[in-house]
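Chain naming here is simple, since letters A, B, ... match the order of the sequence lines and numbering starts at 1 in each. In this text the structure is predicted, and so the values were computed from the model without any measurement.
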Amino acid sequence: MMRKSIVFIVAVLMVLALAVTPEVYATGRTDVLVVGMATSDIISLDPAKAFEFSGVGINAQLYDRLLDFPAGRYDKPELSLAESWKVSEDGKTWTFRLRKDVKFHSGNPLTADDVVYSFQRVVTLQDQPSFILTQFGIKPDSIRALDRHTVEITLNERYAGGIFFACLAAGCASIVDSQVVKQHITKTDKYPDGDMGLTWLSRHSAGSGPFSLRTWDKNERVILDANPDHFRYPPKVERVVIKEIVEATSRRLQVEKGDLDIAWEMYPDQIKALKENKDLRIESCPATIIYYLGINVSKGPLADNRVRTAIRHAIDYDGIINNIMGGAARAINTFIPEGFAGYQDIVYYTTNYEKARQLLKEAGYAEGFETSMDHGDQTPNPEIAQAIQNSLAKVGIKVKLNKLISAQLWPKYRAQKHELILARWGPDYVDPHTNAQPFADYKAKQLAYRNVYYNDETSKIIQAAGQEMDNDKRIALYQEANRIIQTEGPYAFLFQPMYEHAVQNNVEGVYAAPTFDLWKLYPISKK
Amino acid sequence: MAHYVLRRLVTLMITLIGIMVVTFFISLVVPLDPLASIAGPQAPQETVDRLRVLYGFDKPIYVQFGRYIQRLARGDLGTSFQTGRPVLADILHFFPATIELATLALIVSILVGIPLGVLSAVYRNSPIDHFSRVLSLIGVSMPVFWLGLVLLLVFYFKLGWLPEPGRLDIMLVEPERVTGALLIDSVIARDWEVFGDALRHMVLPATVLGLFGLAGIARIVRSSMLDVLSQEYIKTARIKGLNELLVLTRHALRNALVPAVTVIGLTYGGLLEGSVLTETIFSWPGLGRYLATAFLTLDLNAVVGGTMLVALTFCLVNLMVDLIYAFLNPKIRYTES
């Protein structure tokens, strides 16, 4: 009897629950912004550790930096926490005067001590993004507070101001509230002397930015609360809920249904359908990601630039862009992506099988040759790899495809063990140097090195650019290096994809940014 | 009986230790580099090398294993690379959502599967038998991914009867976390709005998962019912003039359930591992996605901890199944002999 009544009660509860539809619709409220995106890459929200797309993007809302990029403009950063700066004659010592009116979310005033502590954390903890600061030779004792509102940073040599400033505007250069963080230091296995708040800051915020972190539930949601007292940009909504929705189709259904204000990153086939919907609009901009084919110049025929050029001509670029990327990508022949200073809209290579065959013949491979291509297992990599395999077969190059997960792919690439590799590169900070250096300077032990392309000429150009104080001259140096890399280098540049977001028409102030660092939520309002 | 359970629990501990050792060594000898995911694709070699030392992967395997055992002895499963949190905390965070969904899915499977199996046995080759067969076929063969999206499209998008993917409406505040299962926590907090909303959010994922389990249950109940119904004692019962419903439930079904319980146990064990695809479509923060990411990124501590949890769950479910056998068929007794 007892059992029967329990079953009955449960049944009644279930029916009742299904019958009552709650009347709360988030998107009906103008003070709450609901964004659907795939955020499962977040590992930590500590600026000294976060280096994943979403984590860096969320940090950009929580923290301020000495310099920052304004919403919608990405050529050079402007002053933010710093109100003025000066540099010594030798170009090594930089002095920044801080604004006096900035308060952290805790209410503590932001002072030079916080800047010193924030930078010391990054260079001491030495986690993923730390190289953005340590590449200038910054050590814990390179930075000091001259007074309550003045900070001095001494670099180990002269660096181009433009690069240094771009790095000071990067996520890891965020200023944390040192008083709050110091209260949350714990001793861990990895940091037996104390972790400088690394554990605590991974899921809490101690910043001064336009938003503070309310919660981050991995695989579920991130909730941000507005900071109405922000010194420059008090947000126009009170709260932002970023729902983790991995599946793009699911994001599409929810934005069309009105349960999301913004559906982040929609794919080409969905965009076509979404364009029909009159309540929505698409905000798009080129992502500063470059898909490229890496060619290991130490492997047999690939050492011959005629062979490499033949490969560059034997790729069906339009087919990849239109059929695999659904048109949401642009062909480029530059390592300076659109959106960065110095981008040039030039295309050296179009599909030309005849020319490719001719080049192979000149190089002594009239009958073609066999090689292999490593590629990742996530869409669109396998599809692009197959397309390249097909088009290279037309000129006699037989490619064996190796589909690898990232834990296999990247170690193999770093160890220079590939022949061809399908890869992509995203900038680490917002300046062309972050791409020019890996692609053209083998001494940086990055992409040129991985492809065994030891070209001292391009290496010297990039190193000269790294110290060039005149920004226009510096950009010209990158362009010169790019010309050499495109014509002789170890890559075939494929395309730069687009970011496309679906936005409700009553939502204003959405800037589709080319990288997550540049993502800004404060201008967004709802009518 | 108590002795039997105790002996089983001891065996279980040994099994777990074995699984831990095997998983640990397999994870370390596979030709994958855990640093690849910790450092990301772009980090230069120096960063990779530095992180390798920081995470202790530069040490010989036996040293790493020794450290792991030391930590495990303290009840510490290590820190997950993908969340930066202790693996135990992660499991306690993600597992309740999976248990909740798996249990509801199993209830759906049982409530529909057993009657369906019984009916298709009793009315063999009738329309209801065909219906059951088709439903089972759909259950096992329909890709979860596709079915989930179609159900979402119909019941959420077109009809609007059921809410969006996720566990709870974003405007509702989760009740204080006691068990981590929203249905239970909301009852404890007497928050009926959350209870209702959480239940509504579970309907579609539980149906998708339930349909999968239902198939096996309905088929096994049907075949064992057919088997039992042809037995002499059923004829005897009928000749005695017993009510047909009593014959079916008390005499036939009870005996037919023994093999079904095995299938139910296995189904439940499988559901408790979490389902990556269902969790992905329905934005469900469960164990499946956590473990899938852990395996793909070689998040070593999470892999070993998660595997042990899955093994533990399976062992416990098996034990429960064995105990239910005894309850269903008093002839089965677990004694020391």
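For chain B, no part of A:L404 is nearby; none of its heavy atoms comes within less than 4.5 Å. B:L54 touches chain A through backbone and side chain together, each having a heavy atom under 4.5 Å away. Both the backbone and the side chain of A:L253 come within contact range of chain B, each with at least one heavy atom under 4.5 Å from a heavy atom of that chain. For chain A, the nearby part of B:R85 is the side chain; its heavy atoms alone come within less than 4.5 Å. A:D127 touches chain B through backbone and side chain together, each having a heavy atom under 4.5 Å away. Contact of B:F145 with chain A is made through the side chain alone, with heavy-atom distances under 4.5 Å. Using a 4.5 Å cut-off between heavy atoms, A:Y413 does not touch chain B at all.
Checked by atom type, the side-chain pair A:T39/A:E244 shows a donor-acceptor distance below 3.5 Å. Side-chain N/O atoms of A:D195 and A:T186 include a donor and acceptor closer than 3.5 Å.
Taking the charged nitrogens against the carboxylate oxygens, A:R252 and A:E256 do have a contact shorter than 4.0 Å, which makes a salt bridge.
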Let me see the working for A:F439 and A:Y292 under ring pair (Phe, Tyr, Trp, His ring centres under 6.0 Å), right down to the final yes or no. CA-CA 11 Å; A:F439 276 110; A:Y292 67 93; 5.2 Å; yes
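In terms of non-hydrogen atom pairs under 4.5 Å with chain B, the most contact-rich of A:K218, A:R450, A:R414, A:K49 is A:R414. With chain A as partner, the option from B:P165, B:G286, B:S283 having the largest number of non-hydrogen pairs under 4.5 angstrom is B:P165. Highest contact tally toward chain B, considering only A:G426, A:A444, A:S130, is held by A:G426 [criterion: heavy-atom pairs under 4.5 Å]. Annotation: maximal heavy-atom pairing with chain B below 4.5 Å, among A:R424, A:Q254, A:E220, occurs at A:Q254. Heavy-atom pairs under 4.5 Å with chain B were tallied for A:Q126, A:Q446, A:Q408; the largest tally goes to A:Q126.
In this structure a side-chain-to-backbone donor-acceptor pair under 3.5 Å is missing from A:R203 to A:L45.
Within a 6.0 Å radius of NZ in A:K412, more than 12 heavy atoms belonging to other residues, nucleotides or ligands are found.
Residues A:L260 and A:I262 fail the side-chain proximity criterion, which asks for heavy atoms closer than 4.5 Å. For the pair A:L224 and A:R239, the minimum side-chain heavy-atom distance is 4.5 Å or more.
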